[in-house]
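Here's the structure we're looking at; comments come further down.
Letters A, B, ... are given to chains in the order of the sequence lines, protein chains preceding strands, and every chain is numbered from 1.
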Amino acid sequence: MPRRNALPDPEVERGLRELEAALAHEPGADPDLATLVADVEAVRPEPDASFLAALDARVHAGFASERAAATPKRGGSWRARLRQSPLLLPGLGAAVAAGLIVVVVALPGSTTSGGGDSASSSSSSRPTTIAPLTGSGVRGGDPTIGSAPAAPGSGATSSADAAETAPSTSSSSQSAAKSAPLPAPTTAGPRKVERSAALTLTPAPADVQDTADGVVRETQAAGGYVQRSHVTTQDTRGTAEFTLRIPSAHLDDALQGLSKLAHVGGLTQASTDITATAASAADRLDDARAERRALLQALGRATTDRQIASLKARLADNRDEIAARQSALNSVRRRADLATVEVTVQGTGRPAAHGGGAWTPGDALHDAGRVLEVAGGVAVIALAVLGPLAILALLAWFAARTLRRRRRETALDRAA
Amino acid sequence: MEISTSEPSTARFDALYREAASDVFAYALTLLRDRAAAEDVTAAAFERAYRRQGSFDPRRGTQRAWLFGIARNAALDELRLRRRSAALLADPEDVTAGERAADAADHDDAALRRATVSAALAQLDPRERELISLKFHAGLSNAEIAKVLGVSETNAGTRVHRAVTRLRKACHAPS
């Protein structure tokens with residue numbers, strides 16, 4: 001540490017000049033001081049020749065084999081050093097603690113954020129498998145001829161309207177979709193259930209077209225058809241939207257196939273009991289047909305031209321009514337027979353592990369950037385932990401140094 | 001003699017050792033007043049210096065100042081750890097002074113003066129004795145003494161002047 005040099009006292013300066021002259025044995029030096037210098041030099045203690053010879057040997061040997069013997073008797077061992085420097089022990093403890101923290105921080109998956117990222121990425125890179133619906137009356141047969149027994153406590157075939165106004169909906173992420181089958185509608189007889197689903201796939205931007213083609217293939221394989229489609233592909237991103245009509249009996253298999261095409265960003269399934277609506281439409285059709293039969297019988301019994309013309313007009317109206325009601329009934333049946341699946345393909349995800357294509361230089365750059373991000377994060381965390389420890393260690397070192405110096409000076413004073 | 005730092009480290013250290021071994025011993029003995037302890041400290045100082053050659057920075061002072069700083073720390077550590085310096089105040093050096101006093105009995109003026117100087121040195125306090133040793137025995141400049149003691153050069157010069165003044169007074173004081 002540099003120390004400030006104040007201006008010396010003139011008398012001191014003169015005295016020092018005289019002393020330097022005497023020490024240099026200059027002819028003009030103060031005779032008294034020159035004598036003192038000579039006398040002090042004469043009483044200078046000299047080492048023994050044997051000691052000098054031994055020290056010569058050690059110096060020429062480079063102190064190689066005598067390190068322990070050459071160090072001061074009580075300063076050589078690590079225990080003695082610890083006794084000499086009481087702050088050395090906490091310093092060592094701090095250093096060990098810092099090392100442990102670094103190890104813990106550096107361990108993969110040991111941080112909360114890292115673990116979360118890891119879990120998220122692993123699940124997102126895995127293709128989703130949709131579990132088949134287990135609700136009876138919906139799976140494995142014509143959903144329009146459901147045979148589920150009545151739930152305990154529910155009225156047989158009653159409250160069809162209530163069932164119709166209480167659709168069951170399942171909205172889940174991919175993992176939830178695996179283990180959350182749709183609850184079976186509580187019915188006591190042949191039920192008609194309208195099913196729908198909305199599926200979001202998030203492949204890599206370059207895979208949008210392939211995924212869209214896969215959607216069409218899976219739909220045709222399930223016996224369905226594409227009711228509406230809109231595909232947009234660009235260099236950096238692409239989107240596709242589909243409205244699929246898939247036989248309800250094959251909906252579960254179709255969803256499984258679709259979910260394997262890319263990462264599933266979301267899946268929503270819904271089912272609505274439309275038994276009452278179908279029964280109502282059938283009843284109304286039966287009524288119209290019964291009316292037609294009655295009109296035909298009345299026409300056979302008509303005798304006047306006016307009666308005949310009136311009945312024919314009513315028959316014509318009845319024919320239109322039957323056609324309309326038949327159409328309504330068919331519509332209801334189609335709603336039960338064909339599930340509606342809305343598929344949205346968004347090219348925002350990462351390449352799928354199974355279909356991401358070759359590992360390109362772009363992928364390498366992306367991975368390298370990711371590695372640098374992680375390394376930078378670890379470095380920041382380590383700095384945040386080690387910075388305060390380093391400051392503490394520095395303060396401890398400075399305090400130990402100051403304390404040691406003071407003890408040395410005190411030892412010199414006590415030697416008086 | 002100032003050692004060139006461009007020399008190989010072994011040769012440079014060897015030259016430093018040859019030049020300063022006796023001076024370091026004299027300095028250590030002045031502080032410790034125990035010949036065996038002074039020999040131990042001298043050896044320890046040179047070993048520490050040998051091991052720490054890389055820590056010497058020519059910009060922070062001469063190699064002699066660096067070496068005497070190491071020797072001073074080793075001597076003070078020895079003093080602190082042994083805690084027996086008080087018991088040694090009247091040991092070997094007093095014997096030597098006694099011998100010189102016997103010489104004085106032979107009416108040798110030079111021997112008489114030296115006995116007086118030895119007695120005067122023994123009257124000084126350890127810090128003043130240390131300064132006399134560094135200045136007269138080791139031949140350090142005031143700047144080098146300042147580096148050894150960790151004080152400013154002006155302060156070191158003032159202390160040296162004060163110590164010499166006290167020594168001269170002690171020499172002229174009636175016994």
Side-chain angles (χ1 to χ4, degrees), chain A residues 1-9 11-16 18-20 23 32-33 35-48 51-52 54-56 58-60 62-63 66-67 69-76 80 83-84 404-405 407-416, chain B residues 10 13-14 17 21-22 25-26 29-31 35 38-44 46-47 50-51 73-74 76-81 83 85-86 93 96 100 110 113-114 116-118 121 125-127 130 132 135-137 139 142 146 150-155 157-158 160-161 164-165 167-168 171:
Chain A
M1 180 185 299
R3 286 171 168 76
R4 198 156 44 97
N5 280 319
L7 289 175
D9 183 275
E11 183 183 352
V12 171
E13 196 172 9
R14 192 180 80 261
L16 288 175
E18 292 175 352
L19 176 61
E20 295 296 340
L23 285 169
D32 192 30
L33 200 53
T35 303
L36 178 67
V37 167
D39 290 340
V40 172
E41 287 177 347
V43 299
R44 168 185 140 135
E46 295 296 335
D48 292 340
F51 164 70
L52 279 182
L55 187 57
D56 280 347
R58 291 171 63 185
V59 169
H60 291 133
F63 298 97
E66 302 177 41
R67 185 172 188 182
T71 48
K73 291 183 282 283
R74 280 162 294 278
R83 280 199 300 271
Q84 288 178 42
R404 191 166 61 241
R405 175 173 291 183
R407 285 183 171 177
R408 282 173 173 161
E409 299 298 332
T410 304
L412 184 59
D413 292 334
R414 285 179 179 172
Chain B
T10 305
F13 181 82
D14 204 44
Y17 164 74
S22 296
F25 173 80
L29 185 54
T30 301
L31 283 178
R35 183 167 285 273
E39 290 177 352
D40 285 345
V41 166
T42 301
F46 276 104
E47 185 186 4
Y50 182 82
R51 308 264 179 222
N73 286 339
L76 296 187
D77 285 343
E78 182 69 15
L79 271 181
R80 181 163 63 90
L81 293 172
R83 295 189 184 282
S85 56
E93 291 307 295
T96 308
R100 286 182 179 129
R113 282 201 319 272
R114 289 166 190 168
T116 302
V117 166
S118 292
L121 281 172
D125 69 41
R127 294 187 181 279
E130 178 187 23
I132 296 297
K135 191 69 184 175
F136 288 75
H137 297 161
N142 292 344
V151 298
S152 69
E153 184 177 348
T154 302
N155 194 344
T158 304
V160 167
H161 178 263
V164 171
T165 303
L167 178 63
R168 295 177 75 173
C171 288

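Using a 4.5 Å cut-off between heavy atoms, Leu23(A) contacts chain B through its side chain alone, with no backbone atom that close. In this structure, the portion of Tyr50(B) lying under 4.5 Å from any heavy atom of chain A is its side chain and not its backbone. For a residue to count as touching a neighbouring chain, one of its non-hydrogen atoms must lie under 4.5 Å from one of that chain's; by this rule Phe136(B) touches chain A with backbone and side chain alike. Only the side chain of Leu19(A) has a heavy atom closer than 4.5 Å to any heavy atom of chain B.
Checked for salt-bridge contact, Glu20(A) and Lys135(B) meet the test: a charged N lies under 4.0 Å from a carboxylate O. A salt bridge links Glu47(B) and Arg51(B); the closest N-O separation between the charged side-chain nitrogens and carboxylate oxygens is under 4.0 Å.
Ranked by heavy-atom pairs shorter than 4.5 Å toward chain A, the options Asn73(B), Asn142(B), Val41(B) are led by Asn73(B). Ranked by heavy-atom pairs under 4.5 Å with chain B, the first of Glu18(A), His60(A), Glu41(A) is His60(A). Between chain B and the residues Leu52(A), Thr35(A), Leu33(A), the most heavy-atom pairs under 4.5 angstrom are made by Leu33(A).
The aromatic rings of Phe13(B) and Phe46(B) sit perpendicular, their planes meeting at an angle over 60°, well past the 30° parallel limit.
Note: Arg44(A) CZ to Leu29(B) CG = 11.0 Å, rounded to the nearest 0.5 Å.
The salt bridge (Lys or Arg N to Asp or Glu O under 4.0 Å) test applied to Asp56(A) returns no partner, not counting sequence neighbours. Residues meeting the side chain to side chain donor-acceptor pair (under 3.5 Å) test with Arg113(B), sequence neighbours left out: Asp39(A).
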